[in-house]
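Report on the following structure.
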Amino acid sequence: MDYLKGLNDRQREAVLYGEGPLLVLAGAGSGKTKVLTHRIAYLIEQKGIFPGNMLAITFTNKAANEMKERTSDLLGGNIDGIWMGTFHSVCVRILRRYIDRIGFERGFSIYDRDDQIALMRECIGELDLREDDYKERHILNIISRIKDSMMSPNEYIDEKYMDPFKGNVKKLYVLYEEKLKDNNALDFDDLISKTVELFRTNPDVLEYYQQKFKYIFIDEFQDTNRAQYQLVKLLALGCKNLCVVGDDDQSIYGWRGADITNILSFEEDFPKAKIVKLEQNYRSTQNILDVANNIIKNNSGRMEKRLWTDNARGRRVVVENVLDSYEEAQFVIRKIEEHMREGYEPSDFAILYRTNAQSRIFEEAFMRNNIPYKLVGGLKFYDRKEIKDIVAYLRMIQNPVDDISLKRIINIPRRGIGKVTMEKLEEYANKIGTSIYDVLLDVENVPGLSTRAKNSLKAFVDMINRFIAMDEVMEIQEFIEEVVYGVGYIKELEDDGSIESQARLDNIKEFISVAIDFQVNNPEGTLEDFLANVSLLSDVDKTADVDNSVTLLTVHSAKGLEFPIVFMVGMEEGLFPIIRESEDKSEMEEERRLCYVAITRAEELLYISHARIRTIYGRTNYSRPSRFIDELPKELIDIGGQPNGGSYGRIGGNEAINPKEHLIKVKDLSERSVTPTRRSLIDQDQIREGVKVKHAKWGIGIVAQLRDRDDDKEATIIFDKVGMKRLLLSIAPIEIVKGG
DNA sequence: GCCCTCTTGTTCGAT
DNA sequence: ACAAGAGGGC
C-alpha cells in the first residue's frame, strides 16, 4: 500500500513526520482528514504501532467513525483497538472505569441541559435567590465557563470578591456541585474537568493512560477549551507524540469556552513542535476561495496563511436580494430545481443558516415542492417526553440516588404519588441527608405520610428494586422492553388509544430499535454504555443518512462538511452577524470566522441571500444586508433580486414596520401562494379511514380518524413527513392518491 | 390532583 | 410565533 500516493509535499511531510509534537495548520478544504488517516495508517503499518496505543479525538462521533473506516480501508484490516471519539465520549470511557477514585460511583448519571436546569432551580430556591438576575440558564452558563477554564469556586471569587452577584454565583456553584455529587451525576463540563481531576489526584491512573496512548491526535484543535487542552497536555506528557490539527480561522466555539490561544500557544507549550501548514485547497473553485479570503482578511491576529487552489475559477458567487423569508425559500427552491435539471442531485445542496429558527420555512417549502431534505439538529427524538421518561427510568435503575430522574418518573404513569407526598419525602431526605431512594427503602420512618401514600411508595420502590436485579442478568433491549411494559407505560398509552398515544408508542418502539442497533454494534455494551451513548450524540450524529436529500443545517453544524452547491440564507445585519447587547470586537471576529466557515463549505457554487424584511420573535422588521456582503469583492459576485426594492436605504436601520403596512404585504403574499387549481375540492365521501391522501403542504399521508365537527368533517391524518395533523375536509387542500 | 388559561421567555451557536 | 411554566379554578 502506497500511503504517499496523491499527497502533496506538505501533506506528505505531515504524514511521515517522526516522533514528537506536531501542529498541522490545515486551511479549509486542504485535506486534513486525508493527512490524519494516512498518518495513522502509516504509523500502524510502517512503524508497527499497535492500534490500541492510539487515541484520536474528533468533533463528532460520526467523524470518528468515518476516520476509522477510511483508515481501515487504507490498511485493508481491522483497527478496532484504536480509541476514536469525542472528548466527551473518551472521558466517559475513562471515568466509567476509575471515577470511584474521586468519590463518585461508576454508575453515574450524565445530566443534560434540562436536568441541569432542574437541579439549578433547587439551588436557587434553597438560597432564596428567585429574582430576575438569577435565571437558571444564565447561572448555568456562567458556571459552565468557570468549569471550562478550570477555575475552582475560590479562584472565581478571589478575583471579584467585591461583587455581590458573583458572590451569589459562587454560592450557587458550590451548592450545585454538592447536589451533583449527592445525585452521583456529572454534567457535560464535568466529563472533562473530572477526568482532569482524576488524573491530577491519581498519578497511577494517569500513568496507565500515558503508557497506553503512545500517539495522540486531536482534530479541530482550534475549538478545544482550556479544560480539554489540560487533559491533552496531561496525556501527552509521557510520549509527546501529540498531533493536533486545526485552523484558527475556523474557531467558532468561543461562546462555549473554546480558547483560540490554545492553538497560538502550542509552540510555547511544546517548544520543539514541528509545524506544517496545509495551504492548498482541493475543495472549492478559485472564485469561492477568493471570496472567502476577502472576508477573513478583515480579522486581526490571525496566523499567517495563504490558501490557494489549482481548481478552475468557476461560476461567480450570487448575492440575491429578496423581500422576505418566504421569497427567500422560493428563490432557493427555484435554483435547486434549475440545477437539478442540469444534473445535480438533491444531496449536492445544503442550506446554511445562522439560527435553527430559520429552518422551518425551508422545510415547508421543500415539502410543498416534493424535494427530499434532511434537517440536522431539528430532530428532537431524544427530547420527546416519552423518551426522556424512559431514559429517566433507566438512569434511576442504574443510579438510584439520582433524585432528578426519580422525581421525573415517580408518578409516571400515575401512581397516586402527588406533590404533597413528594414534599414530605424531600424534606425528610434533606433532614437526614440521603437520597430520596434511600428514604423510600424505609418509608415507614417518614413522618406525616398516609397509609395510602406509603403503599404506593412501597410498590414503586419494590418495582425499582426488581429492575435493579434484572439489569444484572438481561440484555439491554430485553431489559428496556421489560421496563416499559413493567412500569405500565405501554399499558397507559394503549388504554388511552388516542392518535397521540399511538405516536408515543411508535417512538418507544423506535427507541427500542436504537437499543438493538447499539447491542449489535457493542456486544459487550452495558446499560451504562448505552445511556452514555444516548446522551453524547451530537446533532450531526443523530441525523439519519437519508438517501439523496438536501441538507438543512446551521453553520456551526456544517463545520467539517462540504457540498457542491451551498445556499447561505438570512445574510442580514442583526441575524448574521447576529445582534448582541455588547458589541465586542472579538465577538464580531467570531461571526466573521463563522461566515468564512460557511463560504468554504461550498465546492462549486455559492448563493448568498438577504431579505428586506424579516420576522423574528413574531416581530417584523426592515433589515439591511449583512456587513459581510459589503466585504465581498464586487468583481467576483453577481447581484440578483431587486437591489433597490426595499426601503432600508431610506430608513437605514432595522426598524419596526407599521403593522398595517405589513399586513397588506402578507396578504399579497398569501394570495400569490395559493394555487388556484387547488380550489376544486375533493369528493368528501371518498375520504375514509385508511385512505391515502396528498396535502399541498405536508405531502403524503394516511387518514387515521374521521369524525363530525359542526357541519363539517374533521380528519386526523398521519403524514409521512410531518406526523399527525387535524384538518377540516371542507377547506383542506388535499387530494386522494390513487393506487394507495 | 388535574385541567385550563395566561404569562413568559425564547433562538445564537451545542457536547 | 410558539412552547413551556405558573397560577387559578374545579
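FYI, side chains are in, hydrogens and waters are out, and symmetry mates aren't considered; it's all heavy atoms of this structure. In what follows, chains carry the letters A, B, and so on, assigned in the order in which the sequence lines appear, proteins first and then strands, with residues in each chain numbered from 1.
Among residues two or more places apart in sequence or in another chain, the side-chain hydrogen bond (donor to acceptor under 3.5 Å, both in side chains) test is passed with A/E562 by A/R283. Among residues two or more places apart in sequence or in another chain, the side-chain hydrogen bond (donor to acceptor under 3.5 Å, both in side chains) test is passed with A/K68 by none. Scored by the side-chain hydrogen bond (donor to acceptor under 3.5 Å, both in side chains) test, A/N141 finds A/R113 as partners (sequence neighbours excluded). For A/S359, the side-chain hydrogen bond (donor to acceptor under 3.5 Å, both in side chains) criterion is met by no residue, not counting sequence neighbours.
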Pairs under 3.5 angstrom, nitrogen or oxygen only, protein versus nucleotides 1-6 of chain B, please.
{"unit_1": "B/dG1", "atom_1": "OP1", "unit_2": "A/G418", "atom_2": "N", "d": "2.8"}
{"unit_1": "B/dG1", "atom_1": "OP2", "unit_2": "A/K419", "atom_2": "N", "d": "2.9"}
{"unit_1": "B/dC2", "atom_1": "OP1", "unit_2": "A/R414", "atom_2": "NE", "d": "3.1"}

Atom pairs under 3.5 Å: protein N/O with N/O of nucleotides 7-10 of chain C:
none

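Between A/N356 and B/dC12 there is no side-chain N or O to OP1 or OP2 distance below 4.0 Å. Under 4.0 angstrom from either OP1 or OP2 of B/dG13 there lies no side-chain N or O belonging to A/S557.
Atom C1' of nucleotide C/dA3 and atom CZ of A/R384 are separated by 15 Å, given to the nearest angstrom. Computed from coordinates, the A/Y253 OH to B/dC12 P distance equals 16 Å when rounded to whole Å. Rounded to whole angstrom, the span from the CG atom of A/D114 across to the P atom of B/dG9 amounts to 18 Å. Between the CG atom of A/L553 and the P atom of B/dG13 there is a distance of 12 Å, given to the nearest Å. Distance CG (A/N61) to P (B/dT15): 10 Å, rounded to an integer number of Å. In this entry the distance linking CD1 of A/I616 with P of B/dG9 reads 19 Å, nearest Å. Rounded to a whole Å, the CZ atom of A/F188 is 8 Å from the P atom of B/dT15. In this entry the distance linking CG of A/D190 with P of B/dT15 reads 17 Å, nearest Å.
A salt bridge between A/E587 and A/R592 is absent, with no side-chain N of the basic residue lying under 4.0 Å from a carboxylate O of the acidic one.
Across all strands, A/R360 comes closer than 4.0 Å only to sugar-phosphate atoms, never to a base (heavy-atom distances). Looking at heavy-atom distances under 4.0 Å, A/S535 makes no contact with the nucleic acid at all. Using a 4.0 Å heavy-atom criterion, one finds that A/Y617 contacts the bases of the nucleic acid, with or without backbone contacts as well.
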**Item:** Criterion salt bridge (Lys or Arg N to Asp or Glu O under 4.0 Å) on A/R593 and A/D248, from CA distance to verdict
**Value:** CA-CA 9 Å; A/R593 289 194 295 272; A/D248 52 321; over 6 Å; no

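Taking only side-chain atoms of A/E591, from C-beta outward, the nucleotide of B/dC12, B/dA14, B/dT15 with the closest atom is B/dC12. Of all nucleotides listed (C/dC2, B/dA14, B/dT11), B/dT11 comes nearest to the side chain of A/R137.
Ring centroid separation for the pair A/F576 and A/H610 does not come in under the 6.0 Å cut-off. Taking the centre of each ring, A/F511 and A/F530 come in below the 6.0 Å mark.
Within the cation-pi definition used here (under 6.0 Å to the ring centroid, within 45° of the axis), A/K194 does not qualify as a partner of A/F104. Taking the ring axis of A/F108 as reference, the NZ or CZ atom of A/R96 stays within 45° of it and closer than 6.0 Å to the ring centre.
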